[in-house]
Amino acid sequence: MSSSPSTGEITSSAAMPAQTGKITCGACKETNPVGGQFCAGCGHALYEPCFQCTKPVTLQQSFCGQCGCDLVAAISERKGRLEGKIADAIQAAKERDFERSKGLLAIVTREKDYRFKDVIANAMTAQQKIDRIAEQECGSASDRIAAAQAAYEVGDSARVVELLGSLSPNLLTPEAKSQLERSTVLLEQLKEAEGSLQEAFQKRDWATAGVVLDRLLDLQPDDASVASLAQKVGKKLIAKAETLCQAHKYTSAANLLECVPANSRGQEYSALSESVGRITWLSDQIKGEPFATPTLGRIAQQWLAESEGDPRARKVLDRISRRIKGPKASSRDVFACLDGSTQSWAGGPVGVLASPTSIDVGADATFRASPGQFNVALGLALQGLGRGRVNEDFTPKKGLLKRLGRKKVERCWGLDLGASGIKAVCLEADGEGLPKLAECHKLSYESPLTRNIDDSKLDEQVRTTLEAFLQEHEVEGTPVWVSFPARELVSRFVKLPPVADKQVKTLFEKEVESRIPLPLDEVACVSWIGPLPEDELTAIGRPAFVSAAKKQFVDRYLENLGRAGLIVSGLQATPIALLNFAAFEFANLIDLDQNDGGDLELKLPSVALFDCGAEMTTVLVISGASNWFWSFECGGNEFTRLISRATKATHAEAEKLKRNPAALSRPEIQFEMVEQRIEEMHGRLRKITTDTLVDHEEIDIKQSWCSGGGVFTHGWIKRILCDRKSQ
């Protein structure tokens, strides 16, 4: 049966029963005239709503005259519910939830119906007893909580658990609950650690014992017995690690040193740990290295010296020495292969481009001293000689020059104005033979140029260096082509249908208008459209690209060069200069005639070139019919800055250390940020290159080359380009 309305609550719409005579109050026996709702003697209600139909009934009726509801049973049910609340209150008190207990009893004691007088009396009696218990219990709990607080502050976790563990959670304050939980967990951890320690001692497993004792020192920092035991075990571990070092087992020694408790890590430990760390790092550097480099030789030599004659180090050093003196994979390569994989994830074997085979560089000492760092300058000079794949450049073209183009020249300078200095070459045309290197020049800035330098100071530094170059070299009468940085360039690549030049030009102009994010009258553009393919190559269409730079930048750049006294014949962006160089250098590798027109699947033989300069890194993929390149700001100077920050060395000193980390006092720490940055570069280069190759299934990379000063940073080639699955 559902809950009934409270006694005396009669709805306004319910009509009183039509009766005559008088009605007796059940509470005080006072006789009241019919029609009144409350007793005139005691004020008790005379009527209540029926529990079923809500019509008024007297408190003494057994059944409802309207619906026949059993009113006695309904009252009995109500009484049972009140008695249930008393029982619940008693149970709550046993659980020390005194607030809930009081709330339940209050519901009963607020009842005014005389028919529940005995239940109300029982509730009041229970309330009195519970109040006495609550007073006693809460007082005792407060004393225990205060004592536990004092024990917690001195680190006596066992006493905290003893005082609070037997108290009901309902009596604990939030802070006391937290202290009990922490103390319980601590005791469990101590018990587990002590068990593990006993087991380790039984097995004479000092490494595990050291780790466990270190944990116990954290849990019980003031326990003198634990501290003493940790020091004894620490001495054993250090002695064993020293023995392993003498046997050249550095990895095992390092693992033992990791287990030495903190209170045993004194001066002896630090010296041994640093020595092991250095030797371990030095020995690890050989793994997976694809080329025998002088840097790797110095690392092996340092490994041999610090390990006091480790036979493995001697063997590695001998092997590196033989490979350095031995033949290279090709005349282009600067290094001979070692043991690691030279396969690139981009495709084909990896090589470090040192000496181009398409240009007669002779025995020029400056060129030979900086292998792979003059490629941009070579690409500029090649375009100036009319040997570039891309004919256009960024210099303003007006009047007759625009209509007729440039005169054919036999000699041209290419000036690569990079972030670290000027790299310049002068090429001479040799009839139908190879272009010849006539002059070569390298001049570094006083400090590297970065975007953080004010434009006026940057311009002044460029002018000063150019003026020094012009004083040393006679360039008057010889065309001079100059580069500008890739960060000023916006490039877009498209694939046009295989249609004739006139039609393709119209289509390309529409593509340029839609793809360049600036008004065309505000930019200078260089574009290239692939040749009309042979019948069997029509599937590749006519690949094309457009590169744009703000005219405002171009004008300011040329003006600054003019103020230095340089007359510029051509201005080209660094990536396009690299493209011109690569197309000329690798012409035989990307020749379309190599492709068998009868193949079911068309593939374009291609070459990938990864150039890491001082501030910018560029990846270029070139075939006989297409070009693609991408640049981002991160290069060799970033590695130099990281080493300078880690060692507090000058920029010049750090520049040497990045190529000879064996000279670092703590290479495992000081070179770590360089390794992390190289890994970040690898991720960016691999993603953008792989995504492009997926979109251009016709590209088949036969060889991967790297160039630029940044690639000589130790670990760059291995971490950036080598296929790690085959290492």
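Here the structure is a predicted model, which is why all the values come from computation and not from measurement.
- Classification of the Trp345-His682 ring pair by plane angle, with boundaries at 30° and 60°, yields perpendicular.
- Heavy atoms only, all atoms of each residue included: Glu467 and Arg563 are closest at OE2-O, 4.3 Å.
- When all heavy atoms of Thr366 and Phe374 are compared, the closest pair comes out as O-CE1, 3.9 Å.
- Relative ring orientation between Phe335 and Phe712 is described as perpendicular, the plane-to-plane angle rising above 60° on a 0-90° scale split at 30° and 60°.
- If you check the side chains of Asp333 and Ser330, you find a donor sitting under 3.5 Å from an acceptor.
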Requested in this report: Check the pair Phe553 / Phe394 against side-chain contact (heavy atoms from CB on, under 4.5 Å), numbers first and verdict last.
Outcome: CA-CA 11 Å; Phe553 162 78; Phe394 288 90; over 6 Å; no
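- The pair Glu680-Arg677 meets the salt-bridge criterion, since a charged nitrogen lies less than 4.0 angstrom from a carboxylate oxygen.
- Contact check on Arg556 versus Glu559 returns no salt bridge, with no Lys/Arg side-chain nitrogen under 4.0 Å from an Asp/Glu carboxylate oxygen.
- Between Lys551 and Glu522 there is no salt bridge, since none of the side-chain N atoms of the basic residue sits less than 4.0 Å from a carboxylate O of the acidic one.
- Ion pairing of Arg542 with Asp501 is present here, as a side-chain N (NZ or NE/NH1/NH2) and a carboxylate O approach within less than 4.0 Å.
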**Report entry** side-chain contact (heavy atoms from CB on, under 4.5 Å) between Arg368 and Ser355, intermediate numbers included
**Finding:** CA-CA 8 Å; Arg368 299 289 181 183; Ser355 299; 2.7 Å; yes
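- For the atom pair CH2 (Trp528) and CG (Leu579), the distance works out to 8.0 Å, reported to the nearest 0.5 Å.
- A salt bridge does not link Glu615 with Arg487: every distance from a Lys NZ or Arg NE/NH1/NH2 to an Asp or Glu carboxylate oxygen is 4.0 Å or more.
- Classification of Lys442 and Glu472 as a salt-bridged pair fails, no side-chain N sitting under 4.0 Å from a carboxylate O.
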Query - Verdict with reasoning, Lys687 to Asp691, per salt bridge (Lys or Arg N to Asp or Glu O under 4.0 Å) - result: CA-CA 6 Å; Lys687 184 179 188 311; Asp691 288 349; 2.9 Å; yes
Report task. Begin from the C-alpha positions of Ser483 and Asp416 and carry the test side chain to side chain donor-acceptor pair (under 3.5 Å) through to its verdict. Result -> CA-CA 5 Å; Ser483 70; Asp416 176 14; 3.2 Å; yes
Query - Test log, rule side-chain contact (heavy atoms from CB on, under 4.5 Å), inputs Asp700 and Leu604 - result: CA-CA 6 Å; Asp700 181 17; Leu604 296 177; over 6 Å; no
Report task. Test side-chain contact (heavy atoms from CB on, under 4.5 Å) on Ile286 and Ile320 and set out the steps. Result -> CA-CA 10 Å; Ile286 311 299; Ile320 292 173; 4.3 Å; yes
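- Using a 4.0 Å cut-off between a side-chain N of Lys or Arg and a carboxylate O of Asp or Glu, Lys550 and Glu488 do not qualify as a salt bridge.
- Using modelled atom types, one finds a donor on one side chain and an acceptor on the other under 3.5 Å when comparing Arg332 with Thr357.
- Ala381 approaches Val425 most closely through the heavy-atom pair CB-CG2, 4.3 Å.
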